Amino acid sequence: MILAQQQASDQWAYYQAKAAREHFYRGQKMRLELDLLEKETLKPEIKQRYDDLLKQMATQEERYGKERQDIEKEARKLEQERDIAAAKTHILTSPRSCCRLPSSWPP
C-alpha cells in the first residue's frame, strides 16, 4: 500500500511539472503575440522568426497539455490501485476479519 501511495504521489508531482511547463510555453506564446501586435512594421525576416517562435511555443504548449492528460490518467489509476490495496490491507488486519463469531456467542 505504501508503494502504491508513493507511486501515485510521484505521478502527481510529474503532472505538476508538466503543467508548469505548459503554462510557461503558453505565457511565452502570449508574450510573442503581444510583441507582434506592438511592432507593426517589422522586416520580413524578423516577422518570419516571430512566426516560427510562435509555432514552436504553440507546439510545446500542446505537447505538454497532452502529456499532462496521460499522466493524470495514470495517477488516477495508481490512486485506485492504492485504494484497493488499502481496502485489502484493512480487511486482512481487521480483528473482526477472521473467525467471526455469531452475534449470539457466547451461548
Side-chain angles (χ1 to χ4, degrees):
M1 183 180 81
I2 293 172
L3 177 61
Q5 174 60 45
Q6 185 60 46
Q7 288 174 327
S9 294
D10 289 349
Q11 199 67 17
W12 282 116
Y14 190 43
Y15 172 89
Q16 289 173 338
K18 292 291 183 174
R21 287 187 179 200
E22 178 187 11
H23 292 296
F24 168 78
Y25 283 109
R26 182 177 300 131
Q28 291 298 314
K29 183 180 78 169
M30 291 170 67
R31 190 175 143 253
L32 285 170
E33 289 169 343
L34 286 173
D35 284 350
L36 273 174
L37 289 174
E38 288 179 350
K39 301 172 184 177
E40 295 176 3
T41 56
L42 289 174
K43 293 180 182 177
E45 59 272 8
I46 294 174
K47 171 101 169 72
Q48 182 61 46
R49 181 69 180 138
Y50 266 98
D51 290 339
D52 292 344
L53 285 171
L54 273 171
K55 287 177 187 175
Q56 288 176 11
M57 295 301 142
T59 300
Q60 292 298 325
E61 177 190 2
E62 184 178 332
R63 179 184 132 218
Y64 282 109
K66 287 179 182 177
E67 287 177 0
R68 192 171 48 87
Q69 290 173 353
D70 295 339
I71 293 165
E72 180 180 9
K73 287 177 190 175
E74 180 66 20
R76 293 199 185 280
K77 181 181 135 205
L78 289 167
E79 284 181 330
Q80 186 177 22
E81 290 173 10
R82 175 209 56 205
D83 294 344
I84 290 169
K88 286 179 183 178
T89 301
H90 177 70
I91 289 170
L92 294 175
T93 59
S94 173
R96 297 180 186 174
S97 67
C98 164
C99 307
R100 293 184 186 228
L101 298 173
S103 58
S104 61
W105 187 265

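Bear in mind the structure is a predicted one, so any value in this text is a computation, not a measurement.
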Among Q60, E61, E62, which residue meets the side-chain contact (heavy atoms from CB on, under 4.5 Å) test with Y64?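 Result for side-chain contact (heavy atoms from CB on, under 4.5 Å) with Y64: Q60.
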Say you draw a straight line from [atom1] of [X] to [atom2] of [Y]; how long is it, rounded to the nearest 0.5 Å?
X   : Y   : atom1 : atom2 : result
L53 : K55 : CG    : NZ    : 11.0 Å
Y50 : L42 : OH    : CG    : 6.5 Å
M30 : L54 : CE    : CG    : 12.0 Å
I71 : R68 : CD1   : CZ    : 9.0 Å
K29 : F24 : NZ    : CZ    : 13.5 Å

Does the pair E22/K18 count as a salt bridge with the N-to-O cut at 4.0 Å? no
Under a 4.0 Å N-O cut-off, is there an ion pair linking D51 with K47? yes
Count the heavy atoms belonging to other residues, nucleotides or ligands that lie under 6.0 Å from [atom1] of [X], then report whether that count exceeds 12.
X   : atom1 : value
R26 : CZ    : yes
E33 : CD    : yes
R31 : CZ    : no

Any idea which heavy atoms bring [X] and [Y] closest together, and the distance?
X   : Y   : value
M57 : L32 : CG-CD1, 3.9 Å
Q11 : L78 : CB-CD1, 4.0 Å
A75 : A8  : O-CB, 4.4 Å

Side chain to side chain contact (heavy atoms under 4.5 Å, CB included) between R76 and W12: does it pass, once the steps are laid out? CA-CA 9 Å; R76 293 199 185 280; W12 282 116; 4.1 Å; yes
Any heavy-atom pair between the side chains of Y14 and D10 that's under 4.5 Å?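 Side chain of D10 against side chain of Y14, heavy atoms only: no contact under 4.5 Å found.
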Give the C-alpha distance, both sets of side-chain angles, the deciding distance and a yes or no for side chain to side chain contact (heavy atoms under 4.5 Å, CB included) between K77 and E81. CA-CA 6 Å; K77 181 181 135 205; E81 290 173 10; 3.2 Å; yes
Are a donor atom and an acceptor atom from the side chains of D52 and Q56 found within less than 3.5 Å of each other? no
